[in-house]
Novice: 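Mind looking over this structure? Questions follow.
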Amino acid sequence: MCTTVSKKKPAPHFIRNMITADVNAGKNQGQVVTRFPPEPNGYLHIGHAKSICLNFQIAGEFDGRCHLRFDDTNPEKEDTEYTDSIQEDVRWLGFDWGEHLHHAADYFDTLYNYACQLIKDSKAYICELTPEQMREYRGTLKAPGKNSPYRERPIEDSLDIFTRMKAGEFEDGTYVLRAKIDMSSPNINMRDPIIYRIRHAEHHRTGNDWCIYPTYDYTHCISDALEGITHSLCTLEFEDHRPLYDWVLNNIDIDCHPQQIEFSRLALNFTVTSKRKLNQLVQEDFVDSWNDPRMPTVSGMRRRGYPATAIRDFCNRIGITKKYNNISLGLLETCVREAIDPEARRVMAVLKPLKVVITNYPEGESEQLDCPYHPDKDIDLGSRSVPFGRELYIEQDDFMENAPSKFFRLSEGREVRLRYAYYITCNEVIKNDAGEVIELRCTYDPETKGGWAKDGRKVKGTLHWVSAADALDVEVRVYDRLFKVPHPDADKEVSFLEHLNPDSLQICDNAKLEPSLASAKIDERYQFERLGYFCLDTDSSTDKPVFNRTVSLRDSWAKIEKELG
RNA sequence: UGGGGUAUAGCCAAGCGGUAAGGCAGCGGGUUUUGAUCUCGCCAUGCGCAGGUUCGAAUCCUGCUACCCCAGCCA
């Protein structure tokens, strides 16, 4: 079932416990069948990933199966653009629905027939109250509703109108089919809910075959039952709908009755996980697209360089409960770092170059240094050769005038190591007319080749560098969190857009890379030493490669720097 | 007394009458040619609050409090 998922036994949670108990008790002949039921009206995000992992993994654990079913009962919002992206994303996350790709739309005939039977059984009726009247009759949260004047419409009349609704005789909104339950129920969902409405709209799958469409509450439970789902897992807001889910299945002739179990949806701080809000970010150009690397969408995370293994690990680490949670973005980033670290080749790249001239290095000469791709002796990723010459680039941040003692990097008169190369000492600082440091004059110690001093003297700092003559010119996009505050949508008075982080994308268009990166490929992940993990972006062209920063390295210097003020 | 839910550390989360797992974050030490990684140690006399039952309560009982969801012909 879940081919790329490890068999490592996951931590117990209440749903796994319930299902285990059902299996042990022989319920459903010991079968476990789940489903992931997205509405194809947007792209999948990290919250969906939680549900996907839960459903596919739990089915896999019990040798069951998990269906992918599109809950496509609202033609006006749905599109094949979304059914395509959803399938791609679920597959990329590492899951396989096998033969079980389903659409609620494929059940429209069956659903219609069941509705006719409900009418014949006097359990549903055609109502012609306007939406405004409907609201009045529904009552309020604290006051009961009252019966529709059409509630006792003769069965034959309802059947006749329903048939003509289907035939397209009426305008949108003129009639609806309602389940006859209880207008005084304290649960508003049970106050004669609408189960069919007229929509003269083209459906992405059934075209113009239908002009009446069933509602979610009526469709979902029957779709589950038709597919033999045993456990229907959904989020907390559907808890109030469970009595209706059960009512429908108890009042039609069907021999399967899945159990709906609710769990809390994922909330991730510094981000929003609402399709509506994500859609707004795209439509109003606050981000480039659904797969903008700053988006918490599956496609955005994929482009950013997050491995699927990291997302699965994250989903397993956050747990499944009914508690309202707020997961820290830091945990996701930790999962990403842990997944990438052992497999990422280390290379050197300078994002904001500062020129360094080694004054005692012979002009016109250069040499090749052999540098391992991974520092851990237990991880053999091979090595590459890196050119070294008289002119180099180092990171602007690695030089400071009047540096405090805790600053271990380069400053005038100080000696540092260039990784895998030599010790250098800064002798002279050259500035432009604006007083900005534009070049450093340094000397190197030829006796420290490889980065070791024979006399045993130590340096505190090791810097990454790139040979100027051999550097690749590239664009690097450094991403940061999309929002400035932990809870961008907490305040209903203030738009979440007010909290967008203006620095969520920083473009380094003059970055310098060591030449080995010329053969970089999409889907490969690299660590730019001391900077973070990066990957080639799909915007790259042969003459202008573009790299994304997937995630930074943990940075304890940043913390010290902050404390120093 | 509308209905339905949820409360265990800064953030997650186990626990199901026998004396508070684990992860993230944080703090301190060690290793280190990435201020990375790795590694060792510390981190709830306390489980929303108040009573009660019990030899023993996060777990059982009673009463409170706080927060979330529901009045779409959305899902």
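Note on naming: letters A, B, ... go to the chains in the order of the sequence lines (proteins, then strands), and numbering restarts at 1 for each one. Computed from a predicted model, the values in this text were never measured in an experiment.
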Novice: Is a donor-acceptor contact shorter than 3.5 angstrom present between the side chain of A:N187 and the base of B:G4?
Specialist: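 Such a pair does not exist between side chain and base.
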
Novice: Find the distance A:R197:CZ to B:A75:P and express it as a whole number of Å.
Specialist: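 Value for this atom pair: 4 Å.
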
Novice: A:D378 CG to B:U39 C1': how many Å, rounded?
Specialist: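 Going from A:D378 (CG) to B:U39 (C1'), I get 14 Å.
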
Novice: Can you list the stems that include RNA chain B, where a stem is three or more consecutive Watson-Crick or G-U pairs with distances under 3.5 Å?
Specialist: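 Detected stem regions: B:2-7 with B:65-70, B:10-12 with B:22-24, B:26-30 with B:38-42, B:48-52 with B:60-64.
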
Novice: Please report, rounded to the nearest Å, how far the P atom of B:G15 is from the CZ atom of A:R16.
Specialist: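 So the two atoms are 12 Å apart, to the nearest Å.
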
Novice: Okay, side chain of A:T80, backbone of A:T83: is any donor-acceptor separation there less than 3.5 Å?
Specialist: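 No.
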
Novice: Contact class for A:S328 (heavy atom, under 4.0 Å): base, sugar-phosphate, or nothing?
Specialist: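 Sugar-phosphate, backbone atoms only, no base.
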
Novice: When you compare the ring of A:W557 with the six-membered ring of B:G35's base, are the centres less than 5.5 Å apart and the planes under 30° from each other?
Specialist: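 Stacked: ring centres under 5.5 Å, planes under 30°.
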
Novice: From B:C73, B:G35, B:A7, pick the nucleotide closest to the side chain of A:F408?
Specialist: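 Side chain of A:F408 sits closest to B:G35.
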
Novice: Could you go through the ring-ring contact (aromatic ring centres under 6.0 Å, His included) check for A:Y218 and A:Y196 one step at a time?
Specialist: CA-CA 8 Å; A:Y218 175 70; A:Y196 262 94; 5.7 Å; yes

Novice: Nearest-Å distance, CE (A:M134) to P (B:C73)?
Specialist: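 To the nearest whole Å, that distance equals 6 Å.
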
Novice: Describe, in one word, how the ring planes of A:Y422 and A:Y444 are oriented to each other, choosing from parallel (under 30°), tilted (30 to 60°) and perpendicular (over 60°).
Specialist: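 Rings of A:Y422 and A:Y444: perpendicular, over 60°.
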
Novice: Closer than 4.0 Å, any side-chain N/O of A:K559 to the OP1 or OP2 of B:G26?
Specialist: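 Yes.
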
Novice: Can you see if the side chain of A:T215 gets near the phosphate of B:A75 - specifically, an N or O under 4.0 Å from OP1 or OP2?
Specialist: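 The answer is no; no side-chain N or O of A:T215 sits under 4.0 Å from OP1 or OP2.
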
Novice: Counting side-chain heavy atoms from CB outward, which of B:A25, B:G5, B:A75 is closest to A:E239?
Specialist: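 Looking only at heavy atoms from C-beta outward on A:E239, the closest nucleotide is B:G5.
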
Novice: Would you please confirm or rule out a distance under 4.0 Å between OP1 or OP2 of B:G23 and any side-chain N or O of A:T334?
Specialist: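 Result: no.
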
Novice: So does A:R135 get a side-chain nitrogen or oxygen closer than 4.0 Å to the phosphate oxygens (OP1/OP2) of B:G72?
Specialist: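 True: A:R135 side-chain N/O within range (under 4.0 Å) of B:G72 OP1/OP2.
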
Novice: Judged by modelled atom types alone, do A:R35 and A:S232 share a side-chain donor-acceptor pair under 3.5 Å?
Specialist: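 On atom types as modelled, these side chains qualify, holding a pair under 3.5 Å.
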
Novice: OP1 or OP2 of B:A75 versus the side-chain N and O atoms of A:R69: is any pair under 4.0 Å?
Specialist: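 Answer no for this pair, as no side-chain N or O of A:R69 is under 4.0 Å from OP1 or OP2.
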
Novice: Can you name the residues that form a ring pair (Phe, Tyr, Trp, His ring centres under 6.0 Å) with A:F36, not counting sequence neighbours?
Specialist: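 Listed in chain order: nothing, the list is empty.
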
Novice: Any side-chain N or O of A:K323 below 4.0 angstrom from OP1/OP2 of B:A13?
Specialist: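 The answer is yes; a side-chain N or O of A:K323 sits under 4.0 Å from OP1 or OP2.
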
Novice: For a side-chain contact (heavy atoms from CB on, under 4.5 Å) with A:F534, tell me which candidate from A:T550, A:V476, A:L517 qualifies.
Specialist: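 Considering A:T550, A:V476, A:L517, a side-chain contact (heavy atoms from CB on, under 4.5 Å) with A:F534 is found only for A:V476.
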
Novice: My understanding is that only residues two or more places apart in sequence, or in another chain, count here; which of them pass salt bridge (Lys or Arg N to Asp or Glu O under 4.0 Å) with A:R69?
Specialist: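 Counting only residues at least two positions away or on another chain, A:R69 forms a salt bridge (Lys or Arg N to Asp or Glu O under 4.0 Å) with A:D224, A:E227.
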
Novice: To the nearest Å, how far apart are A:L463 CG and B:U32 P?
Specialist: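 These atoms are roughly 19 Å apart.
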
Novice: Counting heavy atoms not belonging to A:E171, are there more than 12 under 6.0 Å from its CD?
Specialist: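 Not more than 12 within 6.0 Å, no.
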
Novice: Has A:R138 got a side-chain N or O lying under 4.0 Å from the OP1 or OP2 atom of B:G72?
Specialist: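 So the side-chain polar atoms of A:R138 do come within 4.0 Å of the phosphate oxygens OP1 or OP2 of B:G72, strictly under.
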
Novice: Whether the side chain of A:R337 and the base of B:U37 hold a donor-acceptor pair under 3.5 Å is what I'd like checked.
Specialist: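 Between B:U37 and A:R337, which were checked side chain against base, a qualifying N/O pair under 3.5 Å is absent.
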
Novice: Under the 3.5 Å rule, do the base of B:G35 and the side chain of A:R530 count as making a donor-acceptor pair?
Specialist: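 It does not, because no donor-acceptor pair links the side chain of A:R530 to the base of B:G35 below 3.5 Å.
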
Novice: Under 3.5 Å, is there an N or O donor on one side and an acceptor on the other linking the side chain of A:H464 and the base of B:A36?
Specialist: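 There is none.
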
Novice: Counting the atoms with a prime plus P, OP1 and OP2 as sugar-phosphate, which does A:D376 contact under 4.0 Å by heavy atoms, base, sugar-phosphate, or nothing?
Specialist: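 If one applies the 4.0 Å heavy-atom cut-off, A:D376 turns out to touch nothing in the nucleic acid.
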
